[in-house]
Number of protein chains: 2
Amino acid sequence: MISMLDYDDCYSKTMPMNDSAVDPRQRLVLAAADMLRQRGLNATSVREVAKLAQAPLGSTYHYFPGGKPQLISEAVQLSGEQVARYLTRTFAAGPRDGLLAFVALWRQLLQDKACRAGCPVMAVAADDSAADDDAPMLAAVAAAIRAWQQPLGDSLVTAGLPAARAARLATLLIAAVEGAILLCRAQGNTTALDEVAEELRLLLDNALAGVAAQGEP
Amino acid sequence: MISMLDYDDCYSKTMPMNDSAVDPRQRLVLAAADMLRQRGLNATSVREVAKLAQAPLGSTYHYFPGGKPQLISEAVQLSGEQVARYLTRTFAAGPRDGLLAFVALWRQLLQDKACRAGCPVMAVAADDSAADDDAPMLAAVAAAIRAWQQPLGDSLVTAGLPAARAARLATLLIAAVEGAILLCRAQGNTTALDEVAEELRLLLDNALAGVAAQGEP
DNA sequence: AAATCATTATAACGACTGTCATAGATCAAG
DNA sequence: CTTGATCTATGACAGTCGTTATAATGATTT
């Protein structure tokens, strides 16, 4: 079974956003992602991101001439890719182990940050006004979600499910886990995520048991 | 079967937030809820809410001496209660019909607002910084979620499921639907919600079929 | 050493935010 | 009619927002 708590691979506990060994540009992106996680899009200001990254404010517009939309988009993209890599790795061991790892990832984050954290990608999805300049941000969010659905769907297909069902289940897993994160934020504990995880586990076992029964007579 | 598109009971298409027949105080709350839906917490300004409600800015602090936190809290509370009433009514006809109505409610909203809308309750959950003054808002969100879980859980228990399982399933339904709304916002269509709805329907049928098989031998 | 480039520092711009104070209007009760 | 309470109107406060301009720095290359 995959070690499902190698949380550092996706989100290091000591984020290098103020580690001067990392170049300032990446520090800014990491700081933006961390702030999105806790405060949401509109409460994440360029000034505070720069301060958190220990970079001068002027540098922000040097590295990101597109301004805040570009900075946020890159933060969403980076976070999305990190999660996508994690999902690809963990779901390679099968949907069941993948789900456990997926849940464990977010559970750890919620616990570390006292349920004051969330997912940067969903923060942007929930908070953007979908105006003119927000288009690149929304595009980054949509791309991240697609990149998450891929490994989940592949894993379910490999396990024997039809493609259409696998795609639907992948969407459900992502929606349910992300929704549970919101519930946890509101309630201040991880109960909702635990309950959702248990039901999703039962659901997967059920779906895959049907495949096994049909596949080996 | 319950008419699952009486959307106006929960969220009127022509919101009375600028209907001068409604008293200004309630107009402000309705306008705040509508703005939360589309823009999120931090992008919802007191000035714009007042403008949308066609109420003077000064009136806002007359009716809501607690300021923005009070206004937002009441908007969350109102929206939460509306949805809770809708859930109580629709899930009384059984979990399956309730789920269909639940999904239809949000699907209609997404379609009407070109996927630019969401749930005010979740908007606050995703966007609050959990600071000092945000406590009443978070409390309103948590209360709303509890009020949603109740009718879902009751309906599932009535249908024959054990209490613990019913509670978990209720949480899953809420988390999955709310998460799907986020995905729809990001992707600009209602595909995610439709996929999630289909899987949740299968899941419910499965769980309830198990009960029926066990209940009538 | 000189010149070119990337980066920083500083300050400021206009627009917006939540909040409040105060003066004017409206209207019911005495 | 007058008093008192409720509501509106207006404008301002201190602060933050995203963004930009410009000058000073630092490093790299010629």
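Sequence lines set the chain letters: A, B, ... in the order given, protein chains first and strands last, and positions in each chain run from 1.
Taking CD from A:Glu178 and CG from B:Leu183, the interatomic distance works out to 7.5 Å, rounded to the nearest 0.5 Å.
Under the 3.5 Å distance criterion, the side-chain polar atoms of B:Thr60 are left unmatched by any main-chain donor or acceptor of B:Ala50. Between the side chain of A:Asp127 and the backbone N or O of A:Leu41 there is at least one donor-acceptor pair closer than 3.5 Å. Under a 3.5 Å cut-off, the side chain of B:Arg116 and the backbone N or O of B:Gln38 do not form any donor-acceptor pair.
To the nearest angstrom, P of D:dA9 lies 15 Å from NZ of B:Lys51. Rounding to whole angstrom units, CG of residue A:Asp23 and P of C:dT7 are separated by 9 Å. One interatomic measurement links the two molecules: OH of B:Tyr61 to P of C:dT17, which rounds to 11 Å at whole-angstrom precision. The distance from atom CG of B:Asn42 to atom P of D:dG18 is 11 Å, rounded to the nearest whole Å. When rounded to the nearest whole Å, the span between CD of A:Gln54 and P of C:dT7 equals 18 Å. Rounded to whole Å, the distance from CG on A:Leu57 to P on C:dT7 is 16 Å. One atom, CD of A:Glu48, and another, C1' of D:dG18, lie 14 Å apart when rounded to the nearest Å. Nucleotide D:dT19 holds its C1' atom 13 Å from the CG atom of A:Leu71, rounded to whole Å.
The side chain of B:Pro56 sits closest to D:dA9 out of C:dG18, D:dG18, D:dA9. The side chain of A:His62 approaches C:dT8 more closely than any other nucleotide in the set D:dT8, D:dT19, C:dT8. Considering only side-chain atoms of B:Tyr63, the nucleotide from D:dC7, D:dC17, D:dT19 that sits closest is D:dC7. When the nucleotides D:dT8, D:dT20, C:dT17 are ranked by their closest atom to the side chain of B:Pro24, D:dT8 comes out on top. You'll find that the side chain of B:Arg47 is closest to D:dA12, out of C:dT8, D:dT20, D:dA12.
Of the two residues contacting DNA chain D, namely A:Gly58 and A:Thr44, the nearest-nucleotide position lying further toward the 5' end is that of A:Thr44. Where A:Pro65 and A:Ser45 meet DNA chain D, the nucleotide closest to each residue was compared, and A:Ser45 sits on the side nearer the 5' end.
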CA sep, side-chain torsions, deciding dist, call: B:Lys113, B:Asp34, salt bridge (charged side-chain N to carboxylate O under 4.0 Å, His left out): CA-CA 11 Å; B:Lys113 299 275 177 96; B:Asp34 194 64; 3.0 Å; yes
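At a threshold of 4.0 angstrom between heavy atoms, the contacts of B:Thr60 with the nucleic acid are absent.
Residue B:Ser59 places no side-chain N or O under 4.0 Å from the OP1 or OP2 atom of D:dC7.
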